[in-house]
Student: 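Okay, handing you the structure first.
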Amino acid sequence: MRAIDWFPLLLSIQVSLLATLLNFVAGVAVGWCLARRRIPGREVLSALVAAPLILPPTVLGYYLLVLLGRGTVIGSIFEALGIPLVFSWRGAVIASAIASFPFVAQASRAAFEAVDVSLEQVARTLGRSEWEVFWLVTFPLAWQGIVGGTLLAFARAIGDFGATLMVAGNIPGKTQTLSIAIYDAVQANDLELAALLVAILSVFSIALLAAVQTVSRKLVASPP
């Protein structure tokens, strides 16, 4: 049996977990702002949040390179701190997070908009602060949709290719995720390895989607 280098799969899981964690924090905050705040330019912000869904991955990766590259202000700061972003696993995390961000943000917005605002008003009349209203009323009522979006974001992040390749590159043992390893195997005409890696990624993705559907059904069957 052919030996397999499991580094790309392990790196993909690590990158996706970190990207999902970032997306959960930022996506919930942005989703709440879009749902509850009448901020100037809200529709523009909403379009920017959804943009990664329609932009080609290479275009998304190019924008990230322009923003985070070593010659940019942000890139130079991180370079000076000794934690370069491009062509590192950190770049893969950022690329995967940006590519999968809409799943968390849009699901969070829809979940918050579905919460009955009169329940929040009742909590305010009882003397609860805005922070307490969010954690004691709004979030518990919206968390089912947020969890579903977060799991979908993880599934999207683990399969990201174009943006990750542009920002993190293809460095075996360092930045080569599973999707990039498949591309590398095809380029090397190693179709046996490519087929094996495709099977691993397919099984993992389908199992993850099945888990999402199972969790969603259980959440619907047992509301908070």
Side-chain angles (χ1 to χ4, degrees), residues 1-27 52 55-70 72 74-75 77-104 149-212 215:
M1 183 176 179
R2 180 168 182 168
I4 302 176
D5 179 10
W6 293 101
F7 178 84
L9 176 60
L10 296 176
L11 178 63
S12 296
I13 294 173
Q14 175 189 341
V15 165
S16 300
L17 286 173
L18 292 173
T20 303
L21 178 61
L22 293 175
N23 278 339
F24 180 79
V25 176
L55 285 176
T58 50
V59 173
L60 192 61
Y62 177 80
Y63 281 134
L64 290 174
L65 277 180
V66 170
L67 182 66
L68 306 173
R70 290 172 177 168
T72 66
I74 297 176
I77 292 174
F78 280 91
E79 288 280 344
L81 294 174
I83 46 175
L85 299 179
V86 297
F87 304 122
S88 71
W89 64 267
R90 303 176 198 85
V93 172
I94 294 172
S96 295
I98 297 298
S100 57
F101 183 73
F103 291 94
V104 182
T150 302
L151 291 174
L152 287 176
F154 179 81
R156 172 65 180 83
I158 203 167
D160 184 67
F161 171 75
T164 299
L165 182 63
M166 290 282 287
V167 178
N170 179 15
I171 307 174
K174 185 177 180 182
T175 66
Q176 190 182 68
T177 60
L178 192 55
S179 296
I180 297 176
I182 293 171
Y183 171 79
D184 206 31
V186 172
Q187 288 291 99
N189 201 31
D190 191 346
L191 299 183
E192 180 185 357
L193 177 60
L196 189 57
L197 296 177
V198 165
I200 292 173
L201 184 57
S202 298
V203 170
F204 189 86
S205 299
I206 292 172
L208 185 60
L209 288 176
V212 171
V215 171

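All residue numbers refer to positions in the sequence shown, counting from 1.
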Student: The criterion is side chain to side chain donor-acceptor pair (under 3.5 Å); which residues satisfy it with D5, sequence neighbours excluded?
Tutor: none

Student: Can you confirm whether more than 12 heavy atoms, excluding those of Y63, are under 6.0 Å from its OH atom?
Tutor: no

Student: Out of curiosity, L197 CG to I180 CD1, how far, rounded to the nearest 0.5 Å?
Tutor: 12.5 Å

Student: What are the two closest heavy atoms between F87 and I171, and how far apart are they?
Tutor: O-CD1, 4.1 Å

Student: How many angstroms lie between atom CG of L85 and atom CG of L64, to the nearest 0.5 angstrom?
Tutor: 10.0 Å

Student: Quick test of your reading: applying side-chain hydrogen bond (donor to acceptor under 3.5 Å, both in side chains), list the pairs with at least one residue in residues 77-92, sequence neighbours left out, ordered by first then second residue.
Tutor: R70-E79

Student: Using modelled atom types only, decide if a donor and an acceptor are shared between the side chain of T150 and the backbone of F24 within a distance under 3.5 Å.
Tutor: no

Student: Side-chain donor-acceptor contacts of residues 91-101 below 3.5 Å, not counting sequence neighbours, with atom names and distances?
Tutor:
| unit_1 | atom_1 | unit_2 | atom_2 | d |
| --- | --- | --- | --- | --- |
| S96 | OG | A92 | O | 3.0 |
| S100 | OG | N23 | ND2 | 2.8 |
| S100 | OG | S96 | O | 2.7 |

Student: Please name all residues satisfying side-chain contact (heavy atoms from CB on, under 4.5 Å) with V25, sequence neighbours left out, ordered by chain then number.
Tutor: none

Student: For residues A194 and I182, report the shortest heavy-atom separation together with the two atoms involved.
Tutor: CB-O, 4.3 Å

Student: T175 and A168: which non-hydrogen atoms are nearest, and at how many Å?
Tutor: OG1-O, 3.1 Å

Student: Rounded to the nearest 0.5 Å, how far does CE of M166 lie from OG1 of T58?
Tutor: 6.0 Å

Student: Taking side-chain contact (heavy atoms from CB on, under 4.5 Å) as the definition, give me every residue that meets it alongside L9, ordered by chain and number, with sequence neighbours left out.
Tutor: W6, I13, L178, I200

Student: Specify the closest pair of heavy atoms between F154 and S16, including all atoms of both residues, with the distance to one decimal.
Tutor: CE1-CB, 3.4 Å

Student: Is the OH atom of Y62 crowded by more than 12 outside heavy atoms at less than 6.0 Å?
Tutor: no

Student: Which pairs pass ring pair (Phe, Tyr, Trp, His ring centres under 6.0 Å) with one or both residues in residues 157-183, sequence neighbours excluded?
Tutor: F161-Y183

Student: To the nearest 0.5 Å, tell me how far D184 CG sits from D190 CG.
Tutor: 9.5 Å

Student: About how many Å separate CG of L60 and CG of L65, when rounded to the nearest 0.5 Å?
Tutor: 10.5 Å

Student: Give me the atom names and distance for the closest heavy-atom approach of G159 to S179.
Tutor: O-OG, 3.2 Å

Student: Stepwise, does the side-chain contact (heavy atoms from CB on, under 4.5 Å) test hold for Q14 with L11?
Tutor: CA-CA 5 Å; Q14 175 189 341; L11 178 63; 4.2 Å; yes

Student: Considering non-hydrogen atoms only, spot the tightest contact between T72 and L67 and give its length.
Tutor: OG1-O, 3.1 Å

